[in-house]
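Right, one structure below, let's go through it.
Both ligands and their constituent atoms are indexed starting at 1 by order of listing. Starting from 1, each residue takes its place in the sequence as its number.
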Amino acid sequence: MSWLWTTEDMIAVMAGRPFGTPPEGITGISIDSRSITPGEAFFAIKGDRVDGHDYASMATANGASLLVVSEARLPAMGRLTVPMIVVEDVLAALGRLGLASRERSQAQIIAVTGSVGKTTTKEMLRHVLAPSGKVHASVASFNNHWGVPLTLARMPEDTDYGVFEVGMNHPGEIRPLVGMIRPDVAIITTIAPAHLGNFKNIKEIAAAKAEIFEGLEPGGHVVLNRDNDQFNFLDRTAQSLGIEHIHSFGQHAKAEFRLAEFNGSDENSTLWLTIGGETLEVALGAPGRHIAENALAALGVVRIVGADMQKAIEALATLRPEKGRGKRHRLLIGGGSFTLIDESYNANPASMRAAIALLAASEPTGRGRRIAVLGDMLEMGEYAQKVHTDLAVPLLAAGIEHVWLAGAEMAGLKESLPESVHVEYRENTDELTDYVLNSVAPGDVLMVKSSLGIGFGKIVAALLDKFPAFADTQREF
Ligand SMILES: Nc1ncnc2c1ncn2[C@@H]1O[C@H](COP(=O)(O)OP(=O)(O)OP(=O)(O)O)[C@@H](O)[C@H]1O
Ligand SMILES: [Mg+2]
């Protein structure tokens, strides 16, 4: 049996106290009592909403072979007979295990940050590196003060490539995370106004992302977006920290990993790239220039870490857009069908523009319409009004004639669109859902997008519920 960790090592690393008779080792780590599988250790951390200690008995019922709990909460665990390791602070103990994991690892470690495209790029890296070795990568968007140590602590000892998503909402959050990860390669996908309400301006966002350079291993590499306005700032910042290997990707003539040509259709795209003096043709199983940019960064990393480029390119052809991030559905309606582009996972000004471009590139059939179904972008602070009214620009440039809106901020966009655009406005998501369900028609292409907290996932779910699938044209990753 190869353990993720032996209990002996865990006790030593976490300075814990065994309680009961611990198993010889554990096969995995979970912080979620619902999804834990037998043989795994349950770490009772305080998450975003709940305290894991309250779910220890459920974790035990679901097969946890070991609990890691805090000294303070031990008395409340009285009735449980499952073995435990008792520590002062469970999250800190997870962090120590994460550090020990990094210490023992021989893997090449890659960290991905940026205002948008972190998860997409991380999943691409998982995909393109898999043919070259054993990959361990963050689950979903586990990119914060518990997601990063959890992902580290879960990394098997024989991992060849470790891929970590690193996120932040405020200045100073990336520094401690990257200090644990100690990446050999750090990517900044792009800098854009996300969480703008927590920052003075975009430069401050760039500076916060640049914290990722501070944790880079000596001799490490950084990968920057050459097309982004903040490139020069990030480049200078990396140089001032003595980083020698600064790579860039993008359409810019000086980009080291360059997108020479992009040819997109509804469901896929073809790219011509120049990487290391070679011209490569890449078929991508997902549409959108923004996805192509993420792929370019991922292939740049393939080159940097010396993985198999040909196999990486082959892997990209089978990649599909994920749920909430561009996944397409063709649904039956009244003797015909319509297309739903599910962009409901999240939204900020950059990803809104990317999604509007996806809609623009899609062809309605018959009398069908291109319809943008848009909800508020959150955390924009004093910029909220401006970033919403400004969406009129990409909508008009893309020739989108039907715009269905809900949310307080989207009222501003409604006002800024000219009469030539058919606008429907509802105050909240539920009212808009009713309207969408009753108004979508054969031939339409509908793109649905809002911030996660606004919950346009409900509109997608309601459409999928009401209208049967024509054919699953695209699978998830
Ligand atoms: N390079 C890009 N430029 C613009 N939009 C992008 C880019 N990459 C992805 N997107 C879009 O941004 C949204 C979020 O993508 P993704 O989940 O990859 O980002 P993220 O940075 O992981 O977000 P989060 O901070 O919520 O974890 C999706 O709608 C996606 O299609
Ligand atoms: Mg993410």
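- Put simply, the side chain of L152 does not reach to within 4.5 Å of the side chain of P149, judged on heavy atoms.
- Protein residues having at least one heavy atom under 4.0 Å from any atom of ligand 1 are V116, G117, K118, T119, T120, S141, N143, E165, H290, N294, R325, E343, Y345, N346, A350, S351, A354, K449, listed by chain and number.
- Applying side chain to side chain contact (heavy atoms under 4.5 Å, CB included) to F257 and the options L299, I304, T274, L273 leaves one that passes, I304.
- Ring orientation note: the planes of W404 and Y435 are nearly perpendicular, at an angle over 60° on the 30°/60° scale.
- F467 and F338 have perpendicular rings, their planes meeting at more than 60° on a 0 to 90° scale where under 30° would count as parallel.
- Side chains of E431 and N428: a donor on one and an acceptor on the other come within 3.5 Å.
- Counting only protein N, O or S atoms, 3 lie closer than 2.8 Å to the Mg ion (ligand 2).
- Note on ring orientation: taking the six-membered ring where Trp is involved, the planes of H247 and H245 are parallel (angle under 30°, cut-offs 30° and 60°).
- By the 6.0 Å contact criterion, CD on E427 is open, its count of non-hydrogen atoms from other residues, nucleotides or ligands being 12 or less.
- Screening I110, I181, N143 against F164 for a side chain to side chain contact (heavy atoms under 4.5 Å, CB included) leaves a single residue, I181.
- K122 contributes a side-chain N or O that, together with a main-chain N or O of S138, makes up a donor-acceptor pair within less than 3.5 Å.
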